[in-house]
Structure formats: C-alpha cells, structure tokens
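Could you have a look at this structure, given as structure tokens, before my questions?
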Protein chains: 2
Amino acid sequence: MSEKPQGNGVEKKLPSRRIADELRAAITSGELPEGRKLESERKLAERFESARNTAREAVRLLAEEGLVDVQHGRGVFVRRKRKLLRFGSERYSKRLREQTGLSPYRAELAKQGLTPRVDCTSIERVVPPSQIAERLEVDPGQASVVRRENWYYASDDQAEYVVQVGVTYIPWLIAEGSVLATSAKMGKGSLYARFEDLGHPMARSREEITARMPSQEEVQGLKLPDGVPVIDVLHTGIDPDGVAFEVTRFVMRADFGGLDYNMPIEG
Amino acid sequence: MSEKPQGNGVEKKLPSRRIADELRAAITSGELPEGRKLESERKLAERFESARNTAREAVRLLAEEGLVDVQHGRGVFVRRKRKLLRFGSERYSKRLREQTGLSPYRAELAKQGLTPRVDCTSIERVVPPSQIAERLEVDPGQASVVRRENWYYASDDQAEYVVQVGVTYIPWLIAEGSVLATSAKMGKGSLYARFEDLGHPMARSREEITARMPSQEEVQGLKLPDGVPVIDVLHTGIDPDGVAFEVTRFVMRADFGGLDYNMPIEG
DNA sequence: AGAGCACACTGGCTTGAGCCAGTCAACTGA
DNA sequence: TCAGTTGACTGGCTCAAGCCAGTGTGCTCT
C-alpha cells in the first residue's frame, strides 16, 4: 500500500474520460447548447486521436449521466433539461378539485406551459397482485378488483412525452355498478369525486415511495432515455372509517417528475 | 417501414445479450445464489465462444441492472438483495419519540436486524445555498445558518454500508447559543426535542422528493454500486406559526431506502 | 409529381489482440 | 516467525478493423 500516486502532480487521464470530460465541459458551459448534435463517433475518435471504440465509450459515459441522447442512425444530441413537474399532496384535496376544475396533473402542466393528455388505456376486472390485495384487504385468489390503467402525457412544441403511468385498483364491491368499473369518462370532479359519491371520501393517503432503474418494458413504454431512474409510488386512499378503497401505483420519469408533500405532524 | 421482422420465428440474439440473458436466468432462478462469484470474463468468453469484450459487455449489462457487483481484481459477484428500509412520516412525531426512546432511524434498522450508526461529521456556520435560504427566509449573502452534516450507516454481519447522508440547515438566529450550533450530541429526544425547547415544535413538514442518478462524489461517498439511483429529499420543518426553522437535505441509496408517508387529506 | 432505389451518412455490436492495475496466496529469505 | 517478493489470477481500458442496421437525401425512372 502506502503512498498511492493519486493527485500528486499531473493527473494522467484515461483517453475515454478525457474525451468525456471535454465534451461535458462544452455542454455545461453552453458551448454545446441543448439539442445540438455532437460530432459523430468517428469524427470524435479522429479529433482526439483515439480508436472509435474509445470515443464511443466516452459517449456512453455521457449518456449514462443523462447529458446526451444517442439516436441510432441520426447522431448524438445534447439532452434538453426539463423542469421538474411536482405532484403534491394537495393532489387529492377536495377544495382544490372544486376550485380549479382542473385535475392537479393538468394544473401542474399548465403552470409550465405544457399540454397535458391523459389516456385511460384499459379497465378490467382482475385478480389483484398480492401487494394490492393486502392493502385493500380483498381476496387475493379471486377477480376481486377493477384495474384501471392511465397514461399521462405532456407535450411541448417539440414532441409528446410519457410522464407517468398510473394503475388504479378498486375493490369490485365498491366499483360494481358505478362508472368506476365501466367507463374511462369519470365526469365532473373525476375519479375521487366518484368515490365520494359512493361514500368513500379520502380522509388519509398513504404513499410508499421508492426509486429504481426502470425495467426493460418501462424503458420501452415510457420511451426513457439512458440514465433516467423511475419513481415508484404506491398510493393508498383511505376513507374516514379507515377503509382502504383504492390503491394506485404510479411509475414516473424521475427526470420529469418529483413529489412535493406538505403535511401536518401528528401526535 | 411495413412488416418489421420482429418476433416472427426464431429470435436471433446478439451474443452479448445471449450471455447476459443466460446469466440473468441463472441468477433469478437461484442457480447462482447471492454472493456467488461468477466465472471470470475470460472463462465466460471461452464458454460462450465469443470475445472477452463481448462477455465483458454482458457483465456490464447485468451490473447496470443491479444484478451483480464487479470488483476489480477479485471477480464478479451476485448482488445481495436488500430489504427496503422505509423512513416514514412518523419520523418527526413527538409521541413516537417519547415512546420508544429510539430515533426512527435506529428503530427501523433494529426491525430488520441491522446495526445502526450515525455520525455527525461537521457543524459549521455557513452561507446558505440559495435553495435553503429561500425556504428558511434568511439572508443568502451572509453566514446566516448552521450546517450540520450527518452520515447514517447500517451494518449486517458482512459489512457496514452508508445508507443516507443528511445535511441540516438551521437559521443562526435560532441555533445561536444552543447545542444545535455547537455539539454533535443532541441529548435526550435528539434534534427535534431541542427545537421544541427553543419554542419551535414541528407542526408541519414539507418534503420535496426527486430521484436521480448519483453524482460522481455521491458514488464515492456512499460507495454506491452501479445502477443504483439516489432519492433526494428536501425536508422543511415548520412550526405552528408557519415559521420554517430547519431544512434538511437527505440523499439516500434507493436500493436501501424508501419513504412511507401516511397523511391526512386536508380541505 | 411521385414512388422507389442507391448511397452516404449515423450509431450498434463483435472480434482478438495487448497492456495496465488490483488481489491474493504461495514462496523466500533474513 | 514474519516481512517482503513473486506470480497467477481478477477486472479496466484501449486499439484497429469489420460488418450490421437505422436515417435521410438526392437521383432516377415511371
């Protein structure tokens, strides 16, 4: 051991890191603005007098950091930074719902000059996953819940992006006979107003939050660039009697979305 | 366009994916248990009749997915799955604090058979970052806050891990003269009991949550394996008068930690 | 005008070679 | 006995070359 030759004197850099560092500096300094196309791998290799694989490795590093987007056949582009959308705890507030008429998702996007779109892609009666059955206290062996899948999009002037996917599970005993079990259209006040109609206003919300790298399907479904984790939120809606009447799993792009809770401290 | 030749008939796999898929299957099936050392890159290459670089690429894919840990000079090992530690909203509850005597961090770790350690590495009077100054409503140009840095560790029978780092900022006007400004030892009831002593019980907590890939310093500091994002929580403590008396930024390993809030819906 | 093709780009992936740098155990010599 | 060296492993990184697969342009033929 003893005396590692670190940091003393001239730092001898690995070629791939040197290229990556130089490109990173150009990006963060603004010399390479957002959306700008980088030199091709072959040209980078030539400019830095290295092998194409080495330039390629440098680009991979930047992509992993989320600084650039690599597009097969087109080139490498400086990634556009996005403002974070924040989904807050007032999400479920009755007051806010009645005041604005907008869903919190639409309100948040409007604030940032983006156009929202929400698409209910399926409504089915299914056997609940065990995690869901536990929280709703329903039979895990029967088709005891309705599963509603919603996709949330945002578009700017360039393109439309998938921001998050929400899968809501509702006990069949609650949803039976109402629009919850049948229709994508929720009517005035949306989903949570319907729960109120059915005698289940939301009194408490439990939110279990983790983050992870996306699965392969999520990368495809959300069209996720490299190096972007997802935030996984398991939300449980609870009525004044302590009954869990709804569980929703949100999976959101972490580079787009965040959460913002403001809650009282109890006890 | 038209008819992409996808999925019809025999799927022709890329060599690196084939190797990765086979190893992944062996891992998820339990054939390769946690902690087991994989064949060396050179042996993999030989067994799959490919170049070492190709086997290496396969290993890289698995590491990116968080399935294996690569250790220079030692080998590639199946990563041990960890139960998620959940830090909840009762974190700041007075009742819980008085009942257990344990901090929530210690309580949570005890529940999972892990040994906690918390280390206060520095207490300084500093100029607040702008994000902090805004929330505490203090002068962003003066050394108007005390900065306390805490490192949270967990150890099992194998090793000690860094779970999260918390940096707390307290307005100098509040901390001045108390242990908050001077001592790592907080005494009975810890940090938040001291705020209570000073007339700032926590009435509300705001938690702004994002996830992202770690910076290079965070990778080193938290000794993060590949493919593990961090959860970034900006917590603001608010007293009954609406005064923000403390802001803490937590950065936690997403493979170790998660958050679990249970809050009332207001309005 | 329009459909279609050819070609020149782009990145995607593999090969096989070589050297560098940690790790660890076995050996060597004071 | 034990410190120090050696050498056989491990992964880390680079090279140069080649072929495959998307993308987009411009030309050609109808």
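Sequence lines set the chain letters: A, B, ... in the order given, protein chains first and strands last, and positions in each chain run from 1.
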When rounded to whole Å, the CG to P distance for the pair B:Leu14 and D:dC19 reads 17 Å
Taken to the nearest whole Å, NE2/A:His72 to P/C:dA8 is 18 Å
Whole-Å distance, B:Glu41 CD to D:dT14 P, equals 14 Å
Report task. Ignoring backbone atoms, establish whether B:Ser16 has a side-chain N or O less than 4.0 Å from OP1 or OP2 of C:dC13. Result -> no
When you measure only distances, ignoring hydrogens and angles, does the side chain of B:Arg52 come within 3.5 Å of the base of C:dG16 through a donor and an acceptor? no
Is A:Val59 touching bases, backbone alone, or none of the nucleic acid, heavy atoms closer than 4.0 Å? nothing
message: Using OP1 and OP2 only, check whether a side-chain N or O of B:Arg56 sits under 4.0 Å from D:dG12.
response: yes
Of the listed D:dT10, C:dG12, C:dT15, the closest approach to the A:Val70 side chain comes from C:dG12
Double-helix bend of the helix from C:dA1-D:dT30 to C:dA30-D:dT1, axes at both ends from 5 pairs, round to 10°, gives 10°
Between side-chain atoms of residues 118-129 of chain B and protein atoms elsewhere (two or more places apart, or another chain), which donor-acceptor pairs fall under 3.5 Å?
residue	atom	partner	partner atom	Å
B:Thr121	OG1	B:Glu149	O	3.4
B:Arg125	NE	B:Ala143	O	2.8

Closest of C:dG11, C:dG12, C:dA17 to the B:Asn53 side chain is C:dA17
Taken to the nearest whole Å, CD/A:Gln71 to P/D:dG22 is 15 Å
Partner of B:Gln164 under side chain to side chain contact (heavy atoms under 4.5 Å, CB included), picked from B:Tyr152, B:Phe256, B:Tyr153, is B:Tyr152
A:Arg74 side chain N/O closer than 4.0 Å to the phosphate oxygens (OP1, OP2) of D:dG24? yes
Here the distance between atom C1' of C:dT15 and atom CZ of B:Arg42, to the nearest Å, is 16 Å
Atom CZ of A:Arg60 and atom P of C:dT14 are separated, to the nearest Å, by 14 Å
Taken to the nearest whole Å, CZ/A:Arg18 to C1'/D:dG12 is 18 Å
query: Salt-bridged, B:Lys43 to B:Glu46, with N to O below 4.0 Å?
result: no
>> Just so I know, are the side chains of B:Leu259 and B:Met252 near enough to count as touching, which here means a heavy-atom distance under 4.5 Å?
In response: yes
Residue set satisfying side chain to side chain donor-acceptor pair (under 3.5 Å) with B:Arg212, at least two apart, ordered chain then number -> B:Glu218, B:Asp232
ask   = So, is B:Ser50 close to the C:dT14 phosphate, meaning a side-chain N or O under 4.0 Å from OP1 or OP2?
value = no
(Q) Under a 3.5 Å cutoff, is there a donor and acceptor pairing between the side chains of A:Arg148 and A:Tyr169? (A) no
Separation of D:dT10 atom C1' from B:Leu44 atom CG, nearest Å, is 13 Å
Item to complete: Taking B:Gln112 for its side chain and B:Leu84 for its backbone only, find out whether a donor-acceptor pair lies under 3.5 Å.
Response: yes
The residue, A:Thr54 or B:Gly73, whose nearest nucleotide of DNA chain D is more 5′ is B:Gly73
